[in-house]
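Beneath this line is the structure, given in structure tokens, with notes to follow.
Residue numbers begin at 1 in each chain, while the letters A, B, ... track the order of the sequences. Everything numeric here is computed off the predicted structure, so don't read it as measured data.
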Amino acid sequence: MGSSNPKTGELADKYEPSAIEGKWYQYWLDNKFFRSTPDEREPYTVVIPPPNVTGVLHMGHILNNTIQDVLIRKARMEGKNACWVPGTDHASIATEAKVVKMLRAQGIKKSDIGREKFLEHAWEWKEKYGGIILKQLQTLGASCDWDREAFTMDAERSEQVIDMFIKLYNDGHIYRGLRMVNWDPEGKTTVSNEEVIYKEVDSKLYYINYRVVGGGYVTIATTRPETLLGDTAVCVNPEDERYKDLIGKTAIVPLVNREVPIIGDKYVDTTFGTGCLKVTPAHDMNDYDLGKKHNLEVIDIFNEDATLNANAQIHIGKDRFVVRKEIINDLKKAGCFIAEIPYKNKVGTSERTGAIIEPRLSEQWFIAMKKLCEPALENVLNKNIEFHPASFENMYKSWIDNIQDWNISRQLWWGHRIPAYYLPTKEGEEKQFVVAKSLEEAFELAKAKDANIKIEDLKQDEDVLDTWASSWLWPISVFDPEELEYYYPTTTLVTGFDIIFFWVMRMIIAGYFLKDEKPFKHVYFTGMVRDQQRRKMSKSLGNSPDVFKLMDRYGTDGLRYAILSSVAAGNDIMFDTPVPPDGSTDEQRAKFYEIPKNLDSKLCETGQKFANKIWQSYRLLSSWEVDESLPNPNKVALEWFEAIFNQELAKIERNFNEFRISDALTQVYSLFWHNGYCSWFLEMIKPDYDQAAGKAKPIDKATYDFAIDYFERLLNLLHPFMPFITEEFWQRIKARDEKETICFAPYPTPGEQNPQIVAEAEMIFEVITSIREIRTKKGIKKHDPLKLAVKTDSPDSFTKFAQILQKQNMAAISEIEFVEDKVAGAASFVVRNHECFIPLEGKIDVEQERKKLEKELERQKRNLNTSSNKLKNDKFVNNAKPEIVNNERKKLADAEAQIKVLEESLASL
RNA sequence: GGAUCCUUAGCUCAGUUGGUUCAGAGCAUCUGCCUUACAAGCAGAGGGUCGCUGGUUCGAAUCCAGCAGGGUCCACCA
């Protein structure tokens with residue numbers, strides 16, 4: 001089974017991502033390289049944060065999933081059993097809203113077709129659009145185990161969700177109760193506190209007179225005059241001198257003439273409004289609490305669509321905002337209206353429908369959270385679960401400290417139906433119910449309560465569970481019970497910090513409740529992708545770039561490079577995106593994105609150029625002709641590159657361990673290109689051009705093998721970040737078997753460190769740069785041979801690298817001479833303690849040379865000053881660590897030596 | 001109101017236990033090169049009092065306090 005390597009023969013002049021990306025992904029898929037089953041290896045498990053089943057890939061997903069892919073690919077190469085589980089979330093309220101909208105477009109009303117028919121349509125929709133996003137993840141290169149694709153509402157998951165509910169209920173963590181909840185009058189469902197978005201609006205504060213029984217008036221202030229129809233008290237602060245005598249009296253609610261008590265409670269802020277508060281326990285959270293405390297009557301005046309019901313007595317059937325206007329007129333007529341003043345306040349709106357939330361008393365299901373949270377908090381604070389960055393622990397703690405019971409019932413159909421079955425009840429009796437997995441089991445339980453009951457008398461609760469009450473099981477529910485033992489707890493969760501409370505915390509709770517074990521060891525929080533105006537990217541703003549256009553233009557590897565090189569854990573990413581003008585049609589938008597001009601853009605381009613650079617360096621390697629009879633003239637270059645590779649690799653590894661992924665990538669990039677392989681190493685070993693033969697001279701075998709070997713190691717190092725191009729060249733660089741892949745190539749591990757050669761090379765590179773600078777300044781051609789004279793105590797470092805200094809593409813030094821004295825009429829520079837001269841026979845600009853030397857002299861004098869001051873300070877010498885003091889002595893000596901050298905040079909000019 | 005993070009080059013940001021290679025990177029800018037892998041490139045250059053004010057320390061971009069400005073989360077708002 002599986003296809004063989006789709007190797008390509010011809011090597012194009014330039015890098016064309018589209019020519020390689022698709023074919024390699026198909027090859028990986030065909031051979032099931034991402035398949036994971038339990039074995040004796042250590043597992044590295046990641047579960048995807050399941051995107052909404054009807055979602056479409058956007059920048060946020062790219063960020064999130066690319067990071068997961070990097071972690072999982074690296075683990076796979078390290079020989080771990082890497083398992084990345086993909087899947088989607090049914091997203092109860094969002095999906096139902098979409099289906100309702102679609103049906104409405106067809107002229108179908110949800111209420112007309114009923115639950116079963118509606119769900120048929122919903123599943124149909126899911127089959128059609130669900131999973132598009134997973135296909136899109138494949139174009140990103142995501143190395144998920146696609147045989148494990150899961151959906152929060154498929155059979156296995158659903159069963160576990162229901163089992164969890166029953167277990168929580170039987171353990172006493174779930175209760176049903178009449179509570180003040182957030183009611184969305186448009187969706188006609190409750191929403192959780194987290195789904196309420198507060199928006200600042202311009203509203204008005206109305207002052208209204210209530211008549212006090214026994215004489216006088218009390219003036220209250222309210223932003224919601226329509227709710228006075230449900231008032232059952234007036235409240236003042238008992239310490240308020242103005243009103244405290246009123247406590248115990250009664251007042252008359254205008255228009256409905258209800259006599260209500262005047263109560264005292266410190267809750268009332270004496271400085272706000274008039275210091276008198278009307279109390280409507282049915283329609284305000286705080287009033288509800290006051291009502292409970294003072295045993296007030298609760299009068300609910302709203303229907304489920306926020307029109308007034310019969311309890312309101314007047315304006316029955318009208319909408320709350322219509323009534324607000326009319327009530328004000330009524331009050332004016334009745335002479336109770338005092339004033340209205342402009343006022344800014346925040347109004348809760350539904351995250352999904354945008355409707356203004358109405359606090360409403362209703363029967364709902366709740367999970368008691370306090371107790372369940374205990375292990376969830378403890379195991380984060382004690383680092384049993386590690387947050388990256390750790391600063392999110394604070395936010396997490398404050399969430400848990402302020403946690404309230406979780407309203408888990410939703411008045412929707414798309415979701416997991418609550419497994420509660422009601423027994424028939426007479427009017428006025430409290431409802432009786434049983435909680436069970438099936439109607440049959442419910443019947444058995446119900447018989448205990450009522451021996452005469454018939455199975456058809458049982459009615460299942462109409463509501464479904466909050467989506468998060470299924471996704472909190474995700475790290476558990478995606479595995480079969482026996483596999484769970486192997487894969488759980490998972491290794492790393494990568495997710496946005498915006499759902500730390502919605503999801504992360506709840507998974508931790510569920511993990512400890514069900515398994516008595518954490519769901520994951522590490523949590524890597526990503527920031528939000530924002531546009532240049534720092535706005536979160538969102539569909540409604542239309543400021544998210546078309547990710548497929550980006551992949552087309554820059555290559556998937558290029559886009560991955562861009563996104564990865566700008567992620568620091570938890571930090572937001574600004575992605576410079578051009579935004580089409582407001583009010584653009586979809587067509588105009590599409591056009592706008594057709595040619596992304598400026599899409600951060602620069603970073604994608606850098607990634608694309610990097611890929612091309614790799615391409616070009618392979619072209620160079622592959623053009624070389626090997627002559628096995630040649631000796632190896634590049635021993636120093638090889639020794640150096642091995643050293644720098646090991647040194648940088650150790651740094652990269654450190655960064656990975658701390659989840660500093662962008663730093664790791666930047667280092668790989670730099671090692672491959674500007675500070676390592678391409679810019680220095682390849683230039684050092686590149687054979688000269690043979691004019692007579694019209695081609696490059698042959699290369700010795702040792703050098704060639706080394707170059708190929710380290711090219712391969714670099715590809716391995718880069719593969720987790722840029723999987724496609726690295727596979728392409730990994731396949732080309734050596735003969736591979738049919739089913740081989742870089743996906744399982746060994747991830748490089750740091751070898752022995754050799755700081756000596758690294759330091760020496762650095763010195764030589766400085767010399768080369770200085771010589772190049774002299775060439776640039778004097779207008780001397782690159783290949784014109786120059787002599788180098790050096791006054792130094794350690795000529796070895798120079799002779800060691802002589803061959804490199806001589807190379808035309810390095811410094812083109814024809815001859816190195818070691819001298820005792822200054823060389824007159826030469827351009828000079830100093831590197832460390834080595835004084836270098838380039839004789840230029842009359843090409844010297846004395847004035848320019850003097851300026852340069854003076855500038856350097858000044859700098860060294862400053863250094864001398866700093867060091868000598870430090871060393872004169874006894875406190876420094878006595879207190880600082882010995883190596884710091886020694887180093888300071890060395891710096892002082894260096895500065896002194898250099899000053900001497902520079903002064904002599906100046907004198908000799 | 002509570003919490004929390006941030007302020008470093010023109011822009012976007014690193015800077016890990018206070019000390020060496022600490023004042024960095026990329027982009028942008030400037031100069032010179034179409035040199036047989038690569039102009040999607042090569043070789044060079046300039047650019048910052050690390051928000052401000054104090055403090056701790058032998059020593060501060062780094063620790064502490066205050067101030068100014070910005071972000072984010074939470075709560076309240078009758």
(request) Within residues 756-767 of chain A, find the residues that approach RNA chain B with a heavy atom at under 4.0 Å, and present them sorted by residue number. (result) none
(request) Apply salt bridge (Lys or Arg N to Asp or Glu O under 4.0 Å) to the pair A:Asp13 and A:Arg619, showing each step before the final yes or no. (result) CA-CA 8 Å; A:Asp13 285 355; A:Arg619 282 185 68 201; 3.8 Å; yes
(request) Under 4.0 Å between any heavy atoms, over every strand shown, what does A:Ser398 touch: base, sugar-phosphate, or nothing? Just pick one. (result) nothing
(message) Need one value for A:Trp624: base, sugar-phosphate or nothing, where a base atom within 4.0 Å counts as base even if backbone is also close, heavy atoms only.
(response) nothing
(request) Give one of base, sugar-phosphate or nothing for A:Val268, where a contact means two heavy atoms less than 4.0 Å apart. (result) base
(request) Could you give the distance separating B:G51 and B:G71 at their C1' atoms, to the nearest angstrom? (result) 15 Å
(request) Please give the nucleotide sitting opposite B:A9 as a Watson-Crick or G-U wobble pair, both distances under 3.5 Å, or none. (result) none
(message) Does A:Asp269 reach a base, just sugar-phosphate, or nothing at all? Heavy atoms under 4.0 Å.
(response) base
(request) For B:U8 and B:G24, measure between their C1' atoms and round to the nearest Å. (result) 10 Å
(request) Could you check A:Tyr689 against A:Thr769 and say which one's nearest nucleotide on RNA chain B is further toward the 5' end? (result) A:Tyr689
(message) Assess, by modelled atom type and distance only, whether the side chains of A:Asp289 and A:Tyr267 contain a donor and an acceptor separated by less than 3.5 Å.
(response) no
(message) So does A:Ile768 get a backbone contact from the side chain of A:Glu773, meaning a donor-acceptor N/O pair under 3.5 Å?
(response) no
(request) Give A:Lys695 one of three labels, base, sugar-phosphate or nothing, depending on what nucleic acid heavy atoms sit under 4.0 Å from its own. (result) nothing
(message) Would you measure the distance from the C1' atom in B:A40 across to the matching atom in B:C52 and give it in whole Å?
(response) 44 Å
(request) Have a look at A:Leu621 and say if it touches a base, only the backbone sugar-phosphate, or nothing, with a 4.0 Å heavy-atom cut-off. (result) nothing
(request) Counting Watson-Crick and G-U wobble pairs only, both distances under 3.5 Å, name the nucleotide matched with B:A65, or none. (result) B:U53
(message) Base, sugar-phosphate or nothing for A:Phe610? Non-hydrogen atoms, less than 4.0 Å.
(response) nothing
(request) State which of B:G41, B:C38, B:C74 makes the closest approach to the side chain of A:Gln616. (result) B:C38
(request) Decide yes or no on ring pair (Phe, Tyr, Trp, His ring centres under 6.0 Å) for A:Phe392 and A:Phe387, but give the supporting numbers first. (result) CA-CA 7 Å; A:Phe392 282 106; A:Phe387 282 7; 7.7 Å; no
(message) Can you see whether A:Ser623 engages A:Lys695 through a side-chain donor-acceptor pair at a distance of less than 3.5 angstrom?
(response) no
(message) Strictly below 4.0 Å: does A:Lys777 bring a side-chain N or O up to OP1 or OP2 of B:G44?
(response) no
(message) For a quick check of understanding: with a heavy-atom distance under 4.0 Å over all strands, which category does A:Lys781 fall into, base, sugar-phosphate or nothing?
(response) nothing
(message) Using a 4.0 Å heavy-atom cut-off to protein, can you give one letter per nucleotide of nucleotides 20-29 of chain B, 5' to 3': B if the base is in contact, S if only the sugar-phosphate is, - if neither?
(response) B------SS-
(request) Pick the C1' atom in B:U16 and in B:U56, then give their distance to the nearest Å. (result) 22 Å
(message) Roughly how many Å apart are B:U7 and B:C63, using the P atom of each and rounding to a whole number?
(response) 11 Å
(request) Identify the heavy atoms of A:Leu603 and A:Tyr561 that sit nearest to each other, and give their distance. (result) O-CD2, 3.7 Å
(request) Report yes if at least one side-chain N or O of A:Arg619 is closer than 4.0 Å to OP1 or OP2 of B:C38; otherwise report no. (result) no
(message) Please name the nucleotide paired to B:G59 by Watson-Crick or G-U wobble geometry with both distances under 3.5 Å, or report none.
(response) none
(request) With ring pair (Phe, Tyr, Trp, His ring centres under 6.0 Å) as the test, would you mind laying out the steps for A:Tyr710 and A:Phe681 before giving the verdict? (result) CA-CA 10 Å; A:Tyr710 274 83; A:Phe681 177 72; 7.6 Å; no
(message) Can you check the distance between B:C11 and B:U49, where both ends of the measurement are the P atom (answer in whole Å)?
(response) 13 Å
(message) Determine whether the aromatic ring centres of residues A:Phe656 and A:Phe721 are separated by less than 6.0 angstrom.
(response) yes
(request) Could you work out the separation of B:G41 and B:C27 based on their P atoms and round it to a whole Å? (result) 9 Å
(request) Under a 3.5 Å limit for both distances, which nucleotide forms a Watson-Crick or G-U wobble pair with B:C42, could you say? (result) B:G32
(message) Nearest heavy atom decides the nucleotide; on that basis, is A:Ile768 or A:Glu683 closer to the 5' end of RNA chain B?
(response) A:Glu683
(request) Determine the interatomic distance between P on B:A23 and the same-named atom on B:C33; round to the nearest Å. (result) 35 Å
(request) Look through every strand shown and name the nucleotide pairing with B:U21 as Watson-Crick or G-U wobble, where both distances are under 3.5 Å. (result) none
(request) Could you check A:Glu386, A:Met505, A:Glu393 and say which one makes a side-chain contact (heavy atoms from CB on, under 4.5 Å) with A:Val380? (result) A:Glu393
(message) As a test of reading the structure: which of B:C76, B:C58, B:A40 is closest to the side chain of A:Tyr267, going by heavy atoms?
(response) B:C76
(request) Quick one: do A:Val831 and A:Glu762 satisfy side chain to side chain contact (heavy atoms under 4.5 Å, CB included)? Show the steps, please. (result) CA-CA 10 Å; A:Val831 173; A:Glu762 243 168 52; over 6 Å; no
(message) Measuring from the side chain of A:Phe876 (C-beta onward, heavy atoms only), which nucleotide among B:G19, B:C73, B:A14 has the closest atom?
(response) B:G19
(request) Could you tell me which nucleotide pairs with B:G1 by Watson-Crick or G-U wobble geometry, both distances under 3.5 Å, or answer none if nothing does? (result) B:C74
(message) Checking contacts here: which listed nucleotide (B:C42, B:U16, B:G44) is nearest the side-chain heavy atoms of A:Lys613?
(response) B:C42
(message) Taking pairing as Watson-Crick or G-U wobble with both contacts under 3.5 Å, can you name the mate of B:U16, or confirm there isn't one?
(response) none
